[in-house]
Amino acid sequence: MESNFYTEPTKYNDLRKWVCSTDHKRIGLLYMASIFIFFLVAMMIGVVMKLKMLSAGTTFISARTYNSLFTVHGVIMIFLFIIPGIPAALGNFILPLQLGAKDVAFPRLNLYSWYFYIAGAVCALTSLFTGGGAPDTGWTFYVPYSVTTGTNVSLAVFGAFLLGMSSTLTGLNFLTTIHRMRAPGMGWFRMPLFIWSLYATGWVQLLATPIIAITLVLVILERLFNVGIFDPSRGGDPILFEHMFWIYSHPAVYIMILPAMGIVSEIIPVFARRTIFGYKAIAFSSLAIALVGYLVWGHHMFTSGMSDTARVIFSLLTFIVAVPSGVKVFNWVASLYKGSSVISAPLIFVMAFIFLFSIGGLTGLFQGALNIDMHIHGTYFIVAHFHYVMFGGTGFAFFAGLHYWYPKIFGRMYNEKIARYACGLMLIGFNVLYFPMFILGWQGMPRRYYDYPAQFQALQRLSSVGSWILVAGILLMFHNLVKSIRKGTPASSNPWGGKTLEWQTTSPPPTENFVEIPVVTSGPYNY
Amino acid sequence: MVTGWATLWNTTDNAFYFIMAISVILLVGIMGTMLYFVFRYSKERNPQAENIASSVPLEILWTVIPTLIVLAMFWVGWKGFIYKRTVPAGSMQVKVVGRMWSWSFTYENGKKSSVLKLPYNKPVKLLITSQDVLHSVFIPAFRVKEDAVPGKETYLWFLPDQMGKFDVFCSEFCGAGHADMITKVEVVSEEEFKTWLQATETATAATDGKVSLPVMGERLVREKGCLACHSTDGTARVGPSFKALWGKKETVIRNGVEVQVVIDEEHIRLQLFQPEKDRVKGFPPMMPSQKGLVNDDEARAIIEYLKTQK
């Protein structure tokens with residue numbers, strides 16, 4: 001391998017080479033390592049929860065432990081894995097490369113954001129073992145319970161606050177980079193679609209995250225100083241908390257899914273060897289999702305006691321926001337028409353994504369319908385739905401992107417055969433684990449129950465079996481990826497024949513990405 | 001009450017199957033087309049790709065048609081929602097109070113119950129609130145749900161059009177006993193319901209001397225929801241069991257210091273009204289204060305009842 005950013009001399013020669021570096025590629029890898037460590041931890045917590053659900057009643061863990069487990073699983077997966085996930089790890093590494101830039105606009109702020117992330121993670125994890133014990137409120141921290149419980153909610157919430165800072169600053173950094181640092185000749189409509197998706201995401205991160213930050217600070221104030229903003233026994237309004245929580249947390253869903261859609265839009269043209277179908281439609285649908293996505297938070301509150309008029313309006317807007325997601329799916333499928341498909345791991349992961357994300361999206365329609373939601377709200381149906389969207393969608397797209405950019409990031413190839421087996425195993429395990437939850441939810445099984453009535457036993461057990469298959473697939477995939485960092489066959493600069501700028505430099509890239517800043521003369525998928 | 005084509009959309013199940021049918025068609029269509037394209041236009045079968053950049057008619061087509069489809073779905077959900085939010089005149093009213101971790105139902109004549117007994121085929125309106133944190137009344141068999149919010153009254157109504165016993169769950173997470181906050185709807189014949197409703201077993205009857213204090217206490221611990229956390233058979237749940245509790249030596253945490261106490265009247269009163277003062281070691285600090293919820297007579301009855309639990 002030629003000289004690259006791993007081997008070129010840096011200021012430090014010890015661990016500081018990483019934790020004091022302002023190189024976006026090193027920061028991207030710092031994020032990637034931390035994010036996947038947390039992912040594996042939260043995944044194992046999920047496995048323990050499914051083990052518990054093999055049988056009803058109190059078995060090897062108590063109700064309180066189970067409540068803490070699903071809270072911690074949710075907090076880690078949401079705040080430490082899936083929100084930072086694609087933008088902070090892959091985005092950091094790839095965004096400047098795709099723009100033809102030497103780095104992001106604010107490299108030191110970028111490192112600072114990672115420290116916010118780590119500080120938030122430390123707070124969240126410390127809260128598990130100190131004070132009144134692991135928080136047991138669910139990741140939603142609904143008041144009044146979160147204000148009255150004796151567990152260590154304040155510290156966990158403060159951790160989420162710090163993570164919000166990290167996310168906001170990353171969004172700001174990316175927006176500035178995209179506005180100011182595009183290569184000569186790269187007009188807005190010559191940007192790769194991954195950049196478009198990070199652009200839409202950046203606005204949501206910047207504008208929505210401060211609201212959750214304020215809300216979480218108010219919860220801490222309420223716990224510490226009895227300020228009665230949310231708790232009705234002190235004159236507050238618990239529904240106000242729900243509004244403020246979801247004003248951020250629903251747009252946050254788009255922080256999670258938009259970058260995933262960007263990855264899919266990158267991989268499809270490269271592996272179909274043709275231009276993407278409907279470039280502008282895909283780019284604008286990202287913006288449409290980000291915009292309308294701000295106005296649909298109330299669909300988390302259809303049974304909350306909110307006014308009936310508000311419920312109807314939120315239901316209507318919720319159905320409208322489904323349309324741009326549909327438009328994307330149709331354009332992706334059309335992009336395969338008359339292509340010349342190379343069916344290898346990244347494309348296989350993308351096809352799995354389209355399958356799982358479609359199920360996730362379509363089942364969202366059931367919950368958008370007011371009448372049906374009054375039955376399935378707060379049941380396993382919603383648990384299944386968001387795992388299909390967030391894990392089947394964002395998770396699988398993340399893995400697709402990881403396989404796609406792997407040769408660029410590490411300069412080596414993974415084992416293709418094992419990657420395919422792992423994807424197949426995950427796809428089967430995923431559906432065995434989560435599909436029964438749709439049926440359980442329709443039958444009335446409420447979520448966040450450590451126990452269940454006998455009529456739910458068979459499907460609960462089937463779902464637990466699925467968790468083992470899924471985990472086997474995930475571990476196989478990580479085994480393949482980690483082993484190949486050292487043992488894989490060396491990769492060329494452009495193993496897939498990609499047309500975007502990151503493929504025009506060496507693999508791995510040199511410290512400042514390009515020997516000479518490239519000049520862009522055409523669109524991103526010019527086959 | 002739901003009869004004929006015009007009102008068919010009112011039922012949750014029909015709306016569900018309507019959206020399901022469209023979803024299945026869309027999913028099969030998308031996946032079928034995707035797989036067909038990938039294999040029909042694979043590198044082997046189609047070595048030379050064709051660049052088709054876009055088609056405005058197609059973009060319009062697959063924006064407008066899905067918009068119409070989702071608007072139809074919205075309408076279906078809305079129609080059923082109006083039905084579910086419009087309480088028929090003459091519905092029977094029952095007040096529902098959620099608390100950690102049990103339900104209490106109060107009928108128009110003041111009768112309290114921990115199960116929701118209802119007469120067959122008579123619409124019922126539930127007026128819902130909570131004493132402490134958020135809960136949610138969820139009756140899967142009748143496809144209804146509404147949150148119980150402290151300081152606020154919410155409602156739902158349904159028609160108990162099947163006889164039998166049906167689950168009532170709490171579907172808003174409320175702490176350690178969330179999954180145990182389960183009771184039943186019992187739909188019985190009109191006559192049976194009337195007899196049951198008239199059988200006055202109210203607390204006031206006991207103070208008149210008609211019922212002994214331990215018997216009244218036994219009913220109170222059931223009605224007030226104590227049994228959600230305190231068992232009567234010796235198993236430790238969220239809180240200590242009532243069995244053999246009286247006179248037992250326990251370690252409590254008072255001002256952060258461990259203290260040995262004997263469980264007596266004073267201790268029980270403290271646990272009822274100021275539980276934060278003495279926390280029993282080995283149990284989570286969960287006991288909510290019953291100030292304003294249990295009066296002095298009732299506390300006496302509960303203490304007399306606990307004395308009998310050997």
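Letters go in sequence order (proteins before strands), and every chain restarts at 1.
With a threshold of 4.5 angstrom between heavy atoms, B/I82 does not approach chain A through any atom at all. Within the 4.5 angstrom heavy-atom criterion, only side-chain atoms of B/V149, from C-beta onward, approach chain A. The contact between B/T154 and chain A is made entirely by side chain atoms (from C-beta outward), counting heavy-atom distances below 4.5 Å. Both the backbone and the side chain of A/F277 come within contact range of chain B, judged by heavy atoms closer than 4.5 Å. With a threshold of 4.5 angstrom between heavy atoms, B/M31 approaches chain A through side-chain atoms but not through N, CA, C or O. Heavy atoms of B/P47 lying under 4.5 Å from chain A belong exclusively to its backbone. For B/I128, no part lies near chain A; criterion is any non-hydrogen pair under 4.5 Å. With a 4.5 angstrom heavy-atom cutoff, B/I22 does not touch chain A via any of its atoms. Heavy atoms of B/M100 lying under 4.5 Å from chain A belong exclusively to its side chain. Contact annotation for B/E172: only side-chain heavy atoms (C-beta onward) come within less than 4.5 Å of a heavy atom of chain A. Within the 4.5 angstrom heavy-atom criterion, no atom of B/Y36 approaches chain A. With a 4.5 angstrom heavy-atom cutoff, B/F39 touches chain A only via side-chain atoms. Only the backbone of A/Q443 comes within contact range of chain B, with at least one heavy atom under 4.5 Å from a heavy atom of that chain. Looking at B/S55, the atoms closer than 4.5 Å to chain A (heavy atoms on both sides) sit in the backbone and in the side chain alike. Contacts between A/P232 and chain B at a heavy-atom distance below 4.5 Å involve the side chain alone, from C-beta outward.
Nearest heavy-atom pair across B/G77 and A/L370 is O-CB, 3.8 Å. Of all non-hydrogen atoms in A/Y449 and B/A179, the two that sit nearest each other are CG-CB, 3.7 Å.
Within the 4.5 Å cutoff, the side chain of A/P144 has heavy atoms near those of the B/P150 side chain. When side chains are defined from C-beta on, A/M374 counts as touching B/E146, because their heavy atoms get closer than 4.5 Å.
Ring planes of B/F173 and A/Y145: perpendicular class, angle over 60° (limits at 30 and 60°).
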Evaluate A/L362 against B/M20 for side-chain contact (heavy atoms from CB on, under 4.5 Å), listing each step before the verdict. CA-CA 9 Å; A/L362 291 167; B/M20 178 123 80; over 6 Å; no

Would B/Y41 and A/L336 count as a side-chain contact (heavy atoms from CB on, under 4.5 Å) if you check the C-alpha gap in whole Å, the side-chain angles of each, and the deciding distance to 0.1 Å? CA-CA 8 Å; B/Y41 302 107; A/L336 295 163; over 6 Å; no

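The main-chain N or O of B/N46 is found under 3.5 Å from a side-chain atom of A/S340 such that the two form a donor-acceptor pair. A distance-only check finds a donor-acceptor pair linking the side chain of B/N51 to the backbone of A/T275 [under 3.5 Å]. Formation of a donor-acceptor pair under 3.5 Å by the A/D136 side chain with backbone atoms of B/G175 is not found in this model. A donor-acceptor pair is defined here as one N or O able to donate and one able to accept, closer than 3.5 Å; no such pair exists between the side chain of B/R85 and the backbone of A/D308. When atom types are taken as modelled, the side chain of A/K338 and the backbone of B/E50 share no donor-acceptor pair closer than 3.5 angstrom. Looking at B/K145, its side chain never comes within 3.5 Å of a backbone N or O of A/T303 through a donor-acceptor pair.
Ring pair A/F302/B/F81: centre-to-centre distance not below 6.0 Å. Here the two rings, on B/F138 and A/H375, have centers that are under 6.0 Å apart.
Each of B/N14, B/D13, B/I19, B/V76 was checked for a side chain to side chain contact (heavy atoms under 4.5 Å, CB included) with A/I372, and the lone residue meeting it is B/I19. A side chain to side chain contact (heavy atoms under 4.5 Å, CB included) with B/V70 is found for one member of A/L365, A/T318, A/L316 and no other, namely A/L365.
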